[in-house]
Engineer: 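I am attaching a structure below and will ask some questions about it afterwards.
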Amino acid sequence: MMDSQRAAQTDGTEGLFQADKRYVWHPFTPMRLWQADSDEPGRMIVSGDHFELIDASGRQYIDGFSSLWCNLHGHRVPQIDQAVRAQLDKIAHSTLLGHASPPSVELAERLVRITPEPLKKVFYSDSGAAAVEVALKIAFQYYRDRGESERRRFIALRGGYHGDTLGAMSVGGIETFGGVYRSLLFDTTFIDSPNPYHHPAGQEAGRVVSRQLEAILDEYPGEYCAVILEPIIQGAGGMLTHTPGFLTDVGRITRQRDVLLIADEVATGFARTGKLFACEHEGVAPDIMTLGKGLTGGYLPVAATLITQEIFDAFCAGPQQGRIFHHGHTYTGNALGCAAGVASVDLIFQSNLLEQLPAKIELIATRLGALREHPHVGDIRQAGMMVGIELVDDRKKKRPFDPARRVGAAVCLAARDRGVITRPLGDVVVLMPAPAMDSETLDRLLIAVVETIHEYFVG
Ligand code: PMP
């Protein structure tokens with residue numbers, strides 16, 4: 001019997017788990033552990049409803065991390081479902097290479113309208129990492145085509161994360177993710193993360209790091225083409241919030257020195273931080289912005305890189321028909337995905353999502369206040385609906401737990417028993433509820449997490 005026939009014949013959860021272990025390699029997962037672990041139904045998500053995930057046994061869990069930071073309006077949202085179905089009746093996919101399609105035009109028009117003013121053009125791709133690759137290549141080529149071929153280096157933040165492709169990893173500042181591949185990556189200059197809990201300068205971190213940035217750019221004028229960062233909060237690095245004013249400083253420093261600013265809003269975009277885009281908190285307009293995750297409401301893999309008119313024009317100038325940007329994926333601007341994106345963006349405004357955020361953000365801060373003095377909670381970081389609760393062995397000394405204990409993972413597993421699904425970043429418990437989550441569900445989520453942490457350390 002062929003393998004595919006065998007897989008088709010497996011039925012029931014047990015059969016599914018067997019087939020999963022036989023065929024699927026899971027991302028960012030220690031597969032030996034996965035293979036040895038019990039086939040607990042909570043690991044097999046079969047459906048969703050509003051803000052809940054439903055497992056193979058029918059049990060419901062609050063989706064505490066927006067299905068890896070992408071869900072915006074909940075699951076099975078009638079408006080988005082309908083938009084995808086309507087597009088399916090026309091065509092699922094056609095290429096943007098040499099052709100156009102209505103959903104990709106409609107989505108691009110909206111993205112240009114809602115992002116900071118100077119961003120005028122949309123280049124589509126299909127993951128956050130690809131959007132970052134596009135941003136890096138455009139920045140590099142922009143200066144090359146301007147005759148400044150010495151400008152080809154990038155500056156990024158320690159603890160920054162921009163995706164797992166080689167270019168995106170090259171500007172990634174998380175050693176545990178990129179370390180193995182270091183010899184394959186291009187050389188990037190890293191500056192500190194201006195997070196007050198982790199930086200020795202505390203509340204002065206932003207100012208210190210800005211000066212670091214200034215010093216580097218002044219020492220090597222004409223060498224750097226761009227600074228790339230996650231504005232306001234570095235997600236995968238452990239929800240590292242920045243001291244206020246840092247983004248403003250970086251915006252000014254890069255502008256003064258003709259270095260491009262790439263804002264990676266793949267995680268922060270679409271209302272996660274309390275504003276539509278995190279750059280808005282400090283009124284900073286980047287030259288390039290990357291979007292992904294919430295772009296389709298968490299439905300389909302569409303990402304985008306937005307670029308200023310000035311950068312775009314540089315690609316139209318020059319010899320013959322202008323210069324070509326050598327990049328494009330088969331599914332670039334996929335019609336189903338763009339239709340979901342259009343519906344999701346429209347729903348943000350139709351549902352007054354942004355207006356409802358302050359009360360929810362306040363509720364999160366109030367409920368988590370109950371953990372502030374907890375002996376194993378080192379820091380609680382929050383930027384809007386993005387939250388990290390850093391668990392430590394010794395609060396006073398800021399001493400972390402031995403990583404081998406996998407305390408963050410154990411706490412998240414315990415939260416599952418209280419009906420919550422989320423995923424930690426090391427010993428940082430992440431909470432990233434969908435911005436549209438109703439206050440009652442949000443409250444249940446917060447109470448469950450607070451109780452889990454209390455119970456874990458008592459027990
Ligand atoms: N940039 C940031 C800021 C991210 O948080 C992520 C994903 N967590 C990415 C890029 C990569 O996105 P993707 O996983 O869709 O490639």
Side-chain angles (χ1 to χ4, degrees), residues 26-29 65-72 115 123-137 139 154 156-174 176-178 181 185 188 190 193 195 226-242 247 250 261-273 277-279 281 286 288-306 327 329 331-332 334 337 340-341 344 381 383-388 422-426 428 430-432 434:
H26 290 260
F28 277 110
T29 303
F65 70 147
S66 295
S67 289
L68 208 57
W69 315 359
C70 63
N71 188 273
L72 281 193
T115 49
F123 192 98
Y124 286 113
S125 55
D126 45 26
S127 68
V132 167
E133 296 290 333
V134 168
L136 299 175
K137 283 173 67 178
F154 293 88
L157 295 189
R158 294 200 176 89
Y161 178 78
H162 302 286
D164 302 325
T165 49
L166 290 175
M169 282 175 70
S170 298
V171 292
I174 303 178
T176 43
F177 292 172
Y181 311 99
L185 308 181
T188 294
F190 288 96
S193 163
N195 172 256
V227 172
I228 179 165
L229 53 71
E230 297 158 78
I232 304 296
I233 178 167
Q234 292 168 259
M239 298 294 150
L240 301 170
T241 44
H242 296 169
L247 183 61
V250 174
L261 174 59
I262 303 172
D264 180 354
E265 294 241 19
V266 167
T268 52
F270 300 101
R272 287 280 165 210
T273 65
F277 298 102
C279 283
H281 286 280
I288 302 179
M289 182 188 270
T290 53
L291 298 174
K293 291 193 184 276
L295 175 49
T296 62
Y299 265 59
L300 286 156
V302 176
T305 307
L306 278 84
H327 198 104
H329 302 279
Y331 286 103
T332 291
N334 171 259
S344 173
R381 298 185 281 273
M385 305 295 282
M386 296 175 72
V387 176
T422 188
R423 193 179 153 83
L425 293 160
V428 176
V430 171
L431 282 184
M432 210 187 291

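Scope of the values below: all heavy atoms of this structure, side chains included, with no hydrogens, waters or symmetry mates. When a ligand or atom number is given, it counts from 1 through the structure's own listing order.
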Engineer: Out of Q234, H162, E230, E265, indicate the one that has the non-hydrogen atom closest to atom 10 (C) of ligand 1.
Structural biologist: H162
Engineer: Spell out, as yes or no, whether a donor-acceptor pair under 3.5 Å connects the side chain of R381 to the backbone of I233.
Structural biologist: no
Engineer: Note the single closest protein heavy atom to atom 1 (N) of ligand 1, along with its residue, its atom name and the distance in Å.
Structural biologist: D264 OD2, 2.7 Å
Engineer: Output, in order, the C-alpha distance, side-chain angles, deciding distance and verdict of side chain to side chain donor-acceptor pair (under 3.5 Å) for E230 and H242.
Structural biologist: CA-CA 10 Å; E230 297 158 78; H242 296 169; over 6 Å; no
Engineer: Identify the closest protein heavy atom to atom 7 (C) of ligand 1: which residue and atom is it, and at what distance?
Structural biologist: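 The protein heavy atom lying closest is K293 CE, 3.2 Å.
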Engineer: Which residue supplies the protein heavy atom nearest to atom 9 (C) of ligand 1, what is that atom called, and how far is it?
Structural biologist: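 Result for atom 9 (C) of ligand 1: V266 CG1, 3.7 Å.
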Engineer: Please write down residue, atom name and distance for the protein heavy atom closest to atom 12 (O) of ligand 1.
Structural biologist: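 For atom 12 (O) of ligand 1, the nearest protein heavy atom comes out as G128 CA, 3.2 Å.
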Engineer: Under 3.5 Å, side chain of D264 to main-chain N/O of L229, donor-acceptor pair present?
Structural biologist: no
Engineer: Which heavy atom of the protein is the closest neighbour of atom 5 (O) of ligand 1, given with residue, atom name and distance?
Structural biologist: A267 CB, 3.5 Å
Engineer: I'd like to know whether CZ of F65 has more than 12 heavy-atom contacts from other residues, nucleotides or ligands below 6.0 angstrom.
Structural biologist: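 Yes, CZ of F65 has more than 12 neighbouring heavy atoms, counting only those of other groups under 6.0 Å.
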Engineer: Return the option from W69, Y161, F28 holding the heavy atom at the smallest distance from atom 6 (C) of ligand 1.
Structural biologist: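 Nearest heavy atom to atom 6 (C) of ligand 1 lies in Y161.
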Engineer: Is it true that the side chains of H329 and D126 contain a donor and an acceptor less than 3.5 Å apart?
Structural biologist: no
Engineer: Between E265 and A278 (side chain of the first, backbone of the second, donor and acceptor by atom type, cut-off under 3.5 Å), is there such a pair?
Structural biologist: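 Confirmed, E265 side chain pairs with A278 backbone.
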Engineer: Nearest protein heavy-atom contact for atom 16 (O) of ligand 1: which residue, which atom, what distance?
Structural biologist: A129 N, 2.8 Å
